[in-house]
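Below is one structure, written out as structure tokens; the observations come after it.
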Amino acid sequence: MELLKEFLHFVLNLDESLPDFIREHGPWIYGLLFLIIFCETGLVVTPFLPGDSLLFAVGAVAANDAFAGTLRLEIVMPLMIVAGILGDAVNYAIGRRLGPAVFSKDTGRFLRKDYLIKAQQFYDKHGGKAIVLARFVPIVRTFAPFVAGIGRMKYSSFAYFNIIGAIVWVVSLTLAGYFLGTIPIIKNNFEATIILIIVASLLPIVFEWWKARKEGAAAANAAKDAEPAA
């Protein structure tokens, strides 16, 4: 229980807990960050781990002169990119392996073969875009590669967008923290800043949903207009 409390404190107070961890454990911070990013992206049972907020906090701490020699961007960013790529790859492999077993029978309300077929069709059409956008959406980021594996998305396509998504995700948020995290108004309102980042990350998904709904409505109207008069 005490360990759980310490972990929750670490997650909820990254702007304070990261510097404390570095002071106490030094270079072990690299291993910790790799493990968190890998688990958050690679295991469907750990979507609660920090992602966006962790990357932003890492950038902000790296910009602090007190940690310049201990937390170096040229080391930590490639390390977290590799963790994100490997995490999604493992998640995809798990989904691909479990998919046939999970959907082998038409049992249950959600575990149905037609859902698997719909997932496969979705990733055939939007796969790359979905994998990249999911990187910026908490919870969705953890489940997207798992569903892609279940849906049998072509691995070469998945791997390409997995790498692109990991690079863009890690670099953009870490550098945002590096250049913006030391600004007093942001530093003093770290939690609010993280919430804004999460909201901003949801906007592309909202736009895609609105666009798809608009296109669907247009297609339905076109089909209705094409119907012969009775």
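- By the 4.5 Å heavy-atom criterion applied to side chains, Phe38 and Val90 are counted as neighbours.
- Tyr155 and Tyr92 have their aromatic ring centers within a separation under 6.0 angstrom.
- For the atom pair CZ of Arg96 and CZ of Phe158, the computed distance is 11.0 Å after rounding to the nearest 0.5 Å.
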Next item on the list: Step by step, work out the side-chain contact (heavy atoms from CB on, under 4.5 Å) result for Leu86 and Phe34.
Entry: CA-CA 10 Å; Leu86 291 178; Phe34 183 94; 4.1 Å; yes

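- Residues Met80 and Val58 form a side-chain contact, since some pair of their non-hydrogen atoms from C-beta on lies under 4.5 Å apart.
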Notebook entry, point to check: Do Leu33 and Leu79 pass the side-chain contact (heavy atoms from CB on, under 4.5 Å) test, and can you show the C-alpha distance, the side-chain angles, and the key distance before you say yes or no?
Noted result: CA-CA 8 Å; Leu33 294 175; Leu79 196 65; 5.9 Å; no

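- Of all non-hydrogen atoms in Ile150 and Gly95, the two that sit nearest each other are CG1-O, 3.3 Å.
- Inter-residue side-chain proximity for Ile94 and Val44 is flagged as unmet; no heavy-atom pair is nearer than 4.5 Å.
- The number of heavy-atom neighbours closer than 6.0 Å to CZ of Arg23, taken from other residues, nucleotides and ligands shown, is above 12.
- Using a 4.5 Å heavy-atom cutoff, the side chains of Thr174 and Leu73 are in contact.
- To the nearest 0.5 Å, atoms CD1 (Ile167) and CD1 (Ile163) are separated by 7.0 Å.
- Atoms OG1 and CZ, on Thr142 and Phe48 in that order, are 9.5 Å from each other to the nearest 0.5 Å.
- Looking at Ile37 and Leu55, their side chains come closer than 4.5 Å, going by heavy atoms from C-beta outward.
- Side chains of Val171 and Ile81 form a contact here, defined as non-hydrogen atoms less than 4.5 Å apart.
- The shortest non-hydrogen separation linking Ala134 to Ala144 is CB-CB, 3.5 Å.
- Just one residue in the list Leu35, Leu49, Leu54 forms a side chain to side chain contact (heavy atoms under 4.5 Å, CB included) with Glu40, and that residue is Leu49.
- With Ser172 contributing its side chain and Trp169 its backbone, the two residues share a donor-acceptor pair below 3.5 Å.
- With respect to Arg135, the side chain to side chain donor-acceptor pair (under 3.5 Å) criterion is satisfied by exactly one of Asp52, Asp88, Thr41: Asp88.
- Distance CG/Leu180 to CG/Leu175: 10.0 Å, rounded to 0.5 Å.
- Thr70 OG1 to His25 NE2: the interatomic distance, rounded to the nearest 0.5 Å, is 13.0 Å.
- Side-chain contact check for Pro145 versus Asn162: every heavy-atom pair is 4.5 Å or farther apart.
- The heavy-atom pair separating Pro50 from Ile36 by the smallest distance is O-CG2, 3.7 Å.
- Asn91 meets the side-chain hydrogen bond (donor to acceptor under 3.5 Å, both in side chains) test with no other residue; sequence neighbours excluded.
- The number of heavy-atom neighbours closer than 6.0 Å to OH of Tyr30, taken from other residues, nucleotides and ligands shown, is above 12.
- Among all heavy-atom pairs drawn from Met77 and Val170, the shortest one is O-CG1, 3.7 Å.
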